Amino acid sequence: MSIPQLMKKHFFIPDYQRGYRWEEKQIYQLLEDLWKYFKDGMKKPSGFYCLQPIVAKKCSQETIEKYHLPCLTGIEPYDNEEDAKKNGPRNDTWYEIIDGQQRLTTIRILLAFYKAVNPFGKCDFYELRYATRPEFKDIFSSIVIDPANRTSSISKDFTFHNIDVEYVKNCTKAIIYWFSEDSFVESNKFNKIVEFLSNFYNDASQDVNVQVIWYETTERTDARDVFERLNNLKVPLSSSELIRAIFLSNTAQYKCTLTEIQKAFPEPRQQEIRDEDKKRKQSSINAKWDKIEHFFRNDQVWGFITEKDASEYRNRIEILFDLMSEKYSTNDSSAEKDRLHTFLWFDSQKKDLWDLWGDVVKYYDTIRFWHEDRNYYHKIGYLIHEKHDSILVSLLKFANSNQNKRSAFNAELDKQIRATIGTSEKFSDLSYDDARDYKVLKSLLFLYNVEYSRLLKNGELFNFDQYKTVEKKGQWTLEHIHAQNSECLDATDRKEWRDWIAYTIAARKSIINPTPEILSFISELEAEKAVLDKEFETKVFREKYESIVVLFKKDLDLWSGGQAYTVLHQLSNLALLSGDINSGIGKGSFSAKQQYINKCIADGRFIPICTKRVFLKHYYDAEKHSKTDEASNLLNQQLYTWDDKDRACYLEDIKKVLSTYFASDKF
């Protein structure tokens, strides 16, 4: 609703609202935004500048009488609905402002400012009355501006004083200062005040105009309750609720093409046909709306389609509208911060509402198809996680382009996936110790887990929702699979020594049917822990690091047969683990880590499928086994070490699974 549509209207500010409190920061921000908009709009019309919502309710007769609001009898009401739509709220009605008094008061000050610097210009205003300070209504006509000296004041005839008056004074001074200080935006702004402020009188038909979102509640509850929900309980109007009104409100306009026979009917019958057509379309939209909302209420769908926190969306259908408006793909960060960006995009569409709803359904059907198709679910889900929501916007546009066939879309997906990894060097040259390589290795293993799930055909889908939940709580990390040497323990941190011993004791005691060697080793560990416990108790520290190194090596030798172990930082020795599990897994041999992972699996913790396969020892040289004895060979393989053969089989499987995207020589 443009500012001229508010002129000659009557607004009442109730007593449950605080007074006028805008400060310099808000004034400057508004003026800078408007200046940029007016300047750009005159060069290239770019729609209207929209202020935040004004939430209003018609004043009850009781309120009018209680606060002695002037009787508006004699002011002509609108003759029909078209006039009401064109001119805004009725002139003969008092509206209680539930939300937006700060904006309405500031704009009223700017209009008064315009009158003061341009006394022969337009002089239309809207009226503001305040329940707790009725005298305050006269302050707007008391604003005095001295353009020559660039000063502002309040007329001496205005004798009412309270804190709100001081804020208005500061507001006018801030306006003067902003226009006087050329360093804010550009030079000679003060000479353009009249031109700047005259834009407030442009109606919606002009290229440059200022509008507000007018939200008139028809609730029968007390206006104070609505105010408390909007403010105290922080429940703002959402774009989806406003978009719903675009489609389903009584004033929504749908094109209805009459047949030649229908055109011959009397006008009342023609209007009935139009009304029936509108009713049928709105009923269809209402039913489909609920179906779409239900679809996005599925957490698996939500985890697949976006990284956004579902709790930020009161109505999850709004993510679909955000994608259509390209809210998260613009280079302008203000679009993402603007709570009403998506609504304003929908409101600016010039299509017939039924055609616009057809676009909504087309986007929904595309996303639903992707979710239900195993290939698209995994490939697109991976891309959304790696490249965020902006990639989904471009994929939707690409998929819905008439000239793009499915083969072209599939090729585009594979191209985008390859781009997330890069192809500048061999994967075998990537190292855990290099920060840039670390990121690539993590993306590569994530893709490997997703692709493995995709290729299962009939197995479980990769759970993007759980994966992203872990990412939000902590972070996905790379874990060394191979047993590390004692260098992983801090030679100066005795607490770390004791923690490693305690963890290793627990891990070794959990082994079913332990050998005599294992039982003997457990006794050695318990003896060493007793020594360290005593040291911490007495504060006398004598134990040497070398004693811990001996035990660490002995633990490795139990499973390796004395084979030397080193730390390998390459792809074949790395697996994806959540940060908390990585921290809890401890430092030590593969078998100790294996037992901890098995416990996490039993506890229902989310672990990527290929990481599970690593620690469950599902990688083996299948070519050396016949189909008849393959299962038995898997059961009889060594279970407590991760050796060169294991690494080779693991890397070979990664190479095989990712062959869609990368040639074998990349590995």
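Everything numeric in this text was worked out from a predicted model, so none of it was measured.
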Can you establish whether the number of heavy atoms outside [X] located under 6.0 Å from its atom [atom1] is more than 12?
X      : atom1 : answer
Glu312 : CD    : yes
Lys288 : NZ    : yes
Lys25  : NZ    : no
Gln271 : CD    : yes

Under 3.5 Å donor-acceptor, [X] side chain and [Y] backbone:
X      : Y      : value
Gln349 : Leu356 : no
Gln17  : Ile98  : yes
Asn170 : Glu166 : yes
Ser180 : Ile176 : yes
Gln102 : Arg21  : yes
Lys115 : Pro119 : yes
Glu318 : Glu241 : no

If we ignore angles and hydrogens, is there a donor and acceptor under 3.5 Å between the side chains of [X] and [Y]?
X      : Y      : value
Asn315 : Arg244 : no
Asn91  : Lys9   : yes
Asn286 : Gln282 : no
Ser325 : Thr342 : yes
Ser155 : Ser142 : no
His371 : Gln300 : yes
Ser311 : Asp309 : yes
Ser2   : Asp203 : no
Tyr130 : Asp15  : no

- Task: Check the pair Lys362 / Asp365 against salt bridge (charged side-chain N to carboxylate O under 4.0 Å, His left out), numbers first and verdict last.
- Result: CA-CA 5 Å; Lys362 182 168 67 173; Asp365 286 342; over 6 Å; no
In Å, rounded to the nearest 0.5 Å, how long is the span from [atom1] of [X] to [atom2] of [Y]?
X      : Y      : atom1 : atom2 : result
Lys192 : Phe190 : NZ    : CZ    : 13.5 Å
Arg150 : Ile193 : CZ    : CD1   : 7.5 Å
Asp389 : Ile305 : CG    : CD1   : 8.5 Å
Met324 : Tyr364 : CE    : OH    : 14.5 Å
Ile380 : Ile391 : CD1   : CD1   : 9.5 Å
Glu24  : Cys171 : CD    : SG    : 10.0 Å

Ring centroids only, cut at 6.0 angstrom: are [X] and [Y] within range, meaning strictly under it?
X      : Y      : answer
Tyr201 : Tyr114 : yes
Phe140 : Phe125 : no
Tyr467 : His385 : yes
Trp35  : Tyr49  : no

[X] charged N/C atom sitting above [Y] aromatic ring, 6.0 Å / 45°:
X      : Y      : value
Lys189 : Trp178 : yes
Arg316 : Tyr313 : no
Arg274 : Tyr254 : no
Arg129 : Tyr67  : no

Heavy atoms only: give me the nearest [X]-[Y] pair and the separation to one decimal.
X      : Y      : value
Leu72  : Asp92  : CD1-C, 3.6 Å
Ile3   : Phe200 : CB-O, 3.3 Å
Leu51  : Arg103 : CB-CD, 4.5 Å
Phe464 : Gly303 : CB-O, 3.5 Å

How about [X] and [Y]: do any of their side-chain heavy atoms sit closer than 4.5 Å?
X      : Y      : value
Met1   : Ile213 : no
Trp354 : Ile285 : yes
Leu110 : Leu31  : yes
Arg133 : Asp164 : yes

- Task: Show your reasoning for whether salt bridge (charged side-chain N to carboxylate O under 4.0 Å, His left out) applies to Glu326 and Lys397.
- Result: CA-CA 10 Å; Glu326 302 183 18; Lys397 290 175 70 176; 3.3 Å; yes
- Evaluation steps, side chain to side chain contact (heavy atoms under 4.5 Å, CB included), between Thr159 and Glu135: CA-CA 9 Å; Thr159 58; Glu135 303 91 341; over 6 Å; no
Could you label the plane-to-plane angle of the [X] and [Y] rings as parallel, tilted or perpendicular, counting under 30° as parallel and over 60° as perpendicular?
X      : Y      : value
Tyr177 : Tyr28  : tilted
Trp357 : Trp289 : parallel
Tyr20  : Tyr167 : perpendicular

- All side-chain hydrogen bond (donor to acceptor under 3.5 Å, both in side chains) counterparts of Gln475, not counting sequence neighbours: none
- Residues passing the side-chain hydrogen bond (donor to acceptor under 3.5 Å, both in side chains) test with Asn162, sequence neighbours excluded, are none
- Item | Name of the residue among Arg297, His294, Glu293 meeting side-chain contact (heavy atoms from CB on, under 4.5 Å) with Ile317 | Glu293
- Message: I'd like to know whether Ile139 forms a side chain to side chain contact (heavy atoms under 4.5 Å, CB included) with Val165, so could you lay out the CA-CA distance, the side-chain angles of the two residues, the decisive distance to 0.1 Å, and finally the verdict.
- Response: CA-CA 8 Å; Ile139 194 170; Val165 175; 4.0 Å; yes
- Query: Can a salt bridge be assigned to the pair Asp275 and Lys279 using a cut-off of 4.0 Å between side-chain N and carboxylate O?
  - Reply: no
- Is the shortest side-chain N to carboxylate O distance from Lys351 to Asp359 below 4.0 Å? yes
- Listed partners of Glu272 passing salt bridge (charged side-chain N to carboxylate O under 4.0 Å, His left out), at least two apart: Arg269
- Begin from the C-alpha positions of Phe12 and Tyr95 and carry the test ring pair (Phe, Tyr, Trp, His ring centres under 6.0 Å) through to its verdict. CA-CA 6 Å; Phe12 172 68; Tyr95 291 91; over 10 Å; no
